[in-house]
Number of protein chains: 2
Amino acid sequence: MKPISKDKFERRSNAGKASSSSTGNSTGTGANSERARQHNRKLVLSALQDAYAGNGTAGRAEIARLSGLSTQAVSNIIADLEARGLIRACGRRSVGRGQPAIQYEINPDGAYALGFEVRPDAVFCTLINLHGKAVFWDRNPLQQATPQNVAQEMLTLKSEALGIRNLSANMILGVGLVMPGPFGITGITGHQSDLPEWQDIDVRDWAQELLDLPCLVENDANAAAMAERISGAARGLRDYACLYFGAGIGLGIVNDTQILRGAFGNAGEIGHIRIPMPSGPARLEQVLSRISVQKHLKINDISAQTTEALEAHFQSETPALMAWIDQARLALAEATNLIENLYDPETIVLCGAMPAVIFAALVQDLSLSPHSVSVRPDRTIDRVVQGSSGPMTAALGSAALVLNDEFTPKFMGSS
Amino acid sequence: MKPISKDKFERRSNAGKASSSSTGNSTGTGANSERARQHNRKLVLSALQDAYAGNGTAGRAEIARLSGLSTQAVSNIIADLEARGLIRACGRRSVGRGQPAIQYEINPDGAYALGFEVRPDAVFCTLINLHGKAVFWDRNPLQQATPQNVAQEMLTLKSEALGIRNLSANMILGVGLVMPGPFGITGITGHQSDLPEWQDIDVRDWAQELLDLPCLVENDANAAAMAERISGAARGLRDYACLYFGAGIGLGIVNDTQILRGAFGNAGEIGHIRIPMPSGPARLEQVLSRISVQKHLKINDISAQTTEALEAHFQSETPALMAWIDQARLALAEATNLIENLYDPETIVLCGAMPAVIFAALVQDLSLSPHSVSVRPDRTIDRVVQGSSGPMTAALGSAALVLNDEFTPKFMGSS
DNA sequence: CTTGTTAACTCAATTTGATTGAGTTAACAA
DNA sequence: TTGTTAACTCAATCAAATTGAGTTAACAAG
């Protein structure tokens with residue numbers, strides 16, 4: 001039977017047929033065979049994803065061993081995924097005796113994820129394939145970020161994105177959405193924000209209805225962190241942190257493959273934290289952020305609004321910029337110490353709207369505290385690494401949210 | 001059928017009959033009906049636990065709504081749990097029309113959890129019932145904390161604990177174990193420690209074999225956090241942090257009901273963090289810890305080794321102690337700001353080896369930053385609250401680890 | 001006092017999906 | 001050529017959740 005459903009999987013959002021989900025206020029999530037299958041499917045996909053990260057592929061038996069499932073269960077799931085086009089066979093591989101294993105890999109073009117970043121003055125959009133590679137990106141300016149305007153631009157960008165490869169909507173797994181301010185997460189009210197008109201809108205529901213696709217909402221730093229996990233510097237890592245340079249500075253924390261949100265979705269607000277600097281305590285984003293570098297340059301009558309302009313100043317070694325970098329490096333060292341001791345990540349990734357060369361300069365000559373739980377003899381990755389750079393980072397990340405949600409089981413620990 | 005197994009549940013540790021768990025290096029965890037049942041059982045138990053937290057009880061239908069399971073599924077699980085003695089019926093309750101619901105509650109004496117805290121000079125032991133109440137506690141001194149000595153004392157304490165209520169081993173759900181230093185979590189080597197002889201021992205396996213019970217190992221702060229969740233100030237909370245006063249100071253973070261460990265189990269090492277103080281940057285535990293108060297008193301030629309002695313000095317308002325409290329309060333405010341902005345908890349609980357009156361004094365007149373994500377109009381609990389106090393906190397917490405593990409499903413988010 | 005409505009619960013049938021066990025096939029080794 | 005090993009397939013079994021049709025008990029209305 002298996003009436004291969006129109007949409008990719010069972011369309012997560014309206015999965016619970018109609019019955020028990022009556023009240024809707026239920027917090028819990030009972031397990032049943034459907035849920036179990038969903039979980040196991042993610043297990044298989046994430047095994048293949050890990051294999052891909054190591055530029056490899058995997059056979060049924062191998063995945064079974066890795067996931068703890070029986071080979072038969074893996075076989076069924078593989079058949080399912082192959083029929084859906086999410087994975088594909090790619091030859092056989094024999095390692096010693098026995099029948100050579102049929103290798104499978106994720107089919108990059110088996111499905112896509114859409115990502116939007118809404119800013120006060122523009123909407124960014126990306127479309128990524130199952131390998132996390134962007135196949136489309138664009139930016140539409142906004143006069144004013146009202147829900148109406150944003151909706152219009154998002155619809156335009158959506159059809160533009162689908163048009164680029166002539167994709168039908170059922171090839172889109174879902175949509176990730178990044179918005180400024182504390183939105184959508186738990187309906188925070190009473191906080192002032194850049195986009196006051198959105199105050200009473202549940203952004204997730206709104207976008208879900210607008211685009212007719214399942215939707216995930218996150219802040220920029222968390223989204224960026226996911227981008228690094230899917231196809232960037234944090235590929236294959238389960239625990240890491242991501243220092244994201246937007247206007248200010250944010251921290252996306254990934255704990256056991258999942259984003260750490262805290263009780264109200266505000267975890268990682270590192271910008272407001274006071275750190276000791278030679279000149280006295282300062283808030284981190286006063287020293288280490290896009291705004292801070294621009295302020296610092298402005299004092300010296302230099303303007304550098306764009307990433308390109310900043311890069312040019314770096315190339316020409318403008319003294320004011322170099323001085324800022326020196327200060328920023330100190331702040332970064334303090335922040336690193338904080339993050340390492342509080343979250344114990346495998347690494348810290350720098351990413352966002354800064355030129356790559358400046359990230360490189362920050363990481364280079366960074367003198368980190370030797371008194372940290374992160375000083376380990378068996379490290380395989382640097383304590384601070386450079387991630388993706390440029391203004392599209394968050395939009396890419398928003399799409400990556402969807403892949404992570406679809407490919408990564410929510411828990412794996414065997415207790 | 002259902003051959004009610006000797007031990008409580010299927011004895012978590014050696015659950016996987018014999019088959020797939022061949023290699024053992026598998027990280028993944030496939031879902032099957034057994035696992036699903038396990039998960040759903042936890043869902044039911046945690047619903048009852050929450051009901052108990054509100055001093056209530058719950059019926060089948062109510063639990064079904066809460067958990068998203070069908071009433072039938074809940075019924076089956078309830079029957080199971082009742083047969084095992086973990087829960088019991090407690091009357092009927094009618095709320096309007098319809099047949100009154102049979103109410104269920106956790107049977108406090110249906111099972112117990114054992115907890116140990118090993119320190120360089122002593123082993124502490126507690127036994128708690130299913131309500132998280134301690135029914136036994138004791139402390140045996142150690143000449144030297146060698147594995148042999150510790151093993152002996154643990155066995156002695158175990159049989160003493162079981163003896164107090166004439167319990168057989170199958171009434172014990174499991175053992176929680178707190179050890180100093182970075183132990184057992186991920187086999188850290190190359191770190192100096194208070195207990196060098198343990199370097200090559202996998203503490204969990206060791207204890208499991210020694211006591212013939214499933215075992216969980218954590219650090220003191222994490223264990224204390226669990227104690228607060230099971231029967232203390234954090235009851236019913238899903239996200240909070242716990243500042244634990246041991247020798248130094250540690251932070252136990254609970255995120256979505258689970259302990260946050262980080263990549264190598266060292267998350268929450270807040271003691272080493274530099275915070276701005278009026279006199280310049282200082283490490284937190286130089287200002288806010290048991291050792292720091294003792295140092296501060298010693299300068300003034302006052303000795304206060306025990307909690308009782310400290311309390312006495314507080315009652316007589318010894319100036320040196322009062323001065324320390326003023327400084328500590330500033331440090332606590334800084335730490336709060338840090339924790340709130342980085343983890344966004346529902347609250348921060350103070351607990352551990354300090355007199356309750358000193359916790360109260362710290363919390364009182366604490367002037368917290370108004371610029372924090374935790375400043376919310378809809379708060380239901382203070383930003384910093386007082387938890388359990390006294391030297392048994394960690395030992396109690398170690399037992400609480402077991403309850404949390406048995407009663408709290410690993411994920412609930414409906415994506 | 002009778003009857004209708006509602007909610008909680010039970011029993012039996014169905015369904016999903018994982019596990020188990022018995023083949024089958026292909027590679028390597030003797 | 002034959003034996004061994006590993007990967008995979010097919011069919012049967014099993015666990016546990018869901019579904020649907022009763023049954024029971026309380027309250028409300030006439």
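Letters A, B, ... are given to chains in the order of the sequence lines, protein chains preceding strands, and every chain is numbered from 1.
Scored by the side chain to side chain contact (heavy atoms under 4.5 Å, CB included) test, A:Ala31 finds B:Ala36, B:His39, B:Asn40 as partners (sequence neighbours excluded). Scored by the side-chain hydrogen bond (donor to acceptor under 3.5 Å, both in side chains) test, A:Thr380 finds no partners at all (sequence neighbours excluded). For B:Arg88, the salt bridge (charged side-chain N to carboxylate O under 4.0 Å, His left out) criterion is met by B:Glu105, not counting sequence neighbours. Every residue meeting the side-chain hydrogen bond (donor to acceptor under 3.5 Å, both in side chains) condition with B:Thr57, not counting sequence neighbours, appears here in chain and number order: B:Gln103. By the side chain to side chain contact (heavy atoms under 4.5 Å, CB included) test, A:Asn222 pairs with A:Glu218, A:Asn219, A:Ile259, sequence neighbours left out. By the side-chain hydrogen bond (donor to acceptor under 3.5 Å, both in side chains) test, B:Asp109 is found to be paired with B:Tyr112, B:Arg165, residues two or more places apart in sequence or in another chain being considered. Shown here are the side chain to side chain contact (heavy atoms under 4.5 Å, CB included) partners of A:Ala89, two or more places apart in sequence or in another chain: A:Glu82, A:Ile102, A:Tyr104. Partners of B:Asn404 according to the side-chain hydrogen bond (donor to acceptor under 3.5 Å, both in side chains) rule, which considers only residues two or more places apart in sequence or in another chain, are B:Arg229, B:Thr408.
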Quick one: the dot-bracket string of DNA chain C, using Watson-Crick and G-U wobble pairs with both distances under 3.5 Å, [ ] for crossing pairs and | for bases paired to another strand. ||||||||||||||||||||||||||||||
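Whole-Å rounding puts the B:Gln103 CD to C:dA7 P distance at 16 Å. As rounded to whole Å, 16 Å separates atom P of D:dT24 from atom CZ of B:Arg60. Separating the CG atom of A:Leu66 from the P atom of D:dA7 is a distance of 13 Å, rounded to the nearest angstrom. Look at CD1 on B:Ile78: it is 16 Å from C1' on D:dA17, rounded to the nearest Å. Going from atom CD1 of A:Ile63 over to atom P of D:dA7 covers 12 Å, rounded to whole Å. In this structure, B:Glu62 atom CD and C:dA7 atom C1' are separated by 13 Å, rounded to whole Å. Rounded to an integer number of Å, the gap from A:Leu43 CG to C:dA18 C1' is 13 Å. In this structure, B:Arg35 atom CZ and C:dG17 atom P are separated by 18 Å, rounded to whole Å.
For the segment residues 91-101 of chain A, residues with any heavy atom less than 4.0 angstrom from an atom of DNA chain C are, sorted by number, A:Ser94, A:Gly96, A:Arg97, A:Gly98, A:Gln99, A:Pro100.
Along DNA chain D, the nucleotide closest to A:Ser75 and the one closest to A:Ala31 are compared, and the more 5′ of them pairs with A:Ser75. Each of A:Gly59 and B:Val74 has a nearest nucleotide on DNA chain D; the 5'-most of these lies closest to A:Gly59.
A donor-acceptor pair under 3.5 Å is absent between the side-chain atoms of B:Glu346 and the main chain of B:Leu237, judged by distance alone. A:Asn129 places a side-chain N or O within donor-acceptor distance of the main-chain N or O of A:Gly132, the cut-off being under 3.5 Å.
For C:dA18, the OP1/OP2 oxygens have a side-chain nitrogen or oxygen of A:Asn40 closer than 4.0 Å.
B:Asp405 and B:Lys410 are joined by a salt bridge, as a carboxylate oxygen and a charged side-chain nitrogen come within less than 4.0 angstrom of each other.
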Dump the pairs, protein N or O against N or O of nucleotides 10-15 of chain D, anything under 3.5 Å, distances to one decimal.
{"from": "D:dC10", "atom 1": "N4", "to": "A:Gln72", "atom 2": "OE1", "distance (Å)": "2.6"}

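The side chain of A:Ile102 sits closest to D:dC8 out of D:dC8, C:dA18, D:dT19.
Listed by first then second residue, pairs satisfying salt bridge (Lys or Arg N to Asp or Glu O under 4.0 Å) with a partner in residues 53-62 of chain B read B:Glu62-B:Arg93, not counting sequence neighbours.
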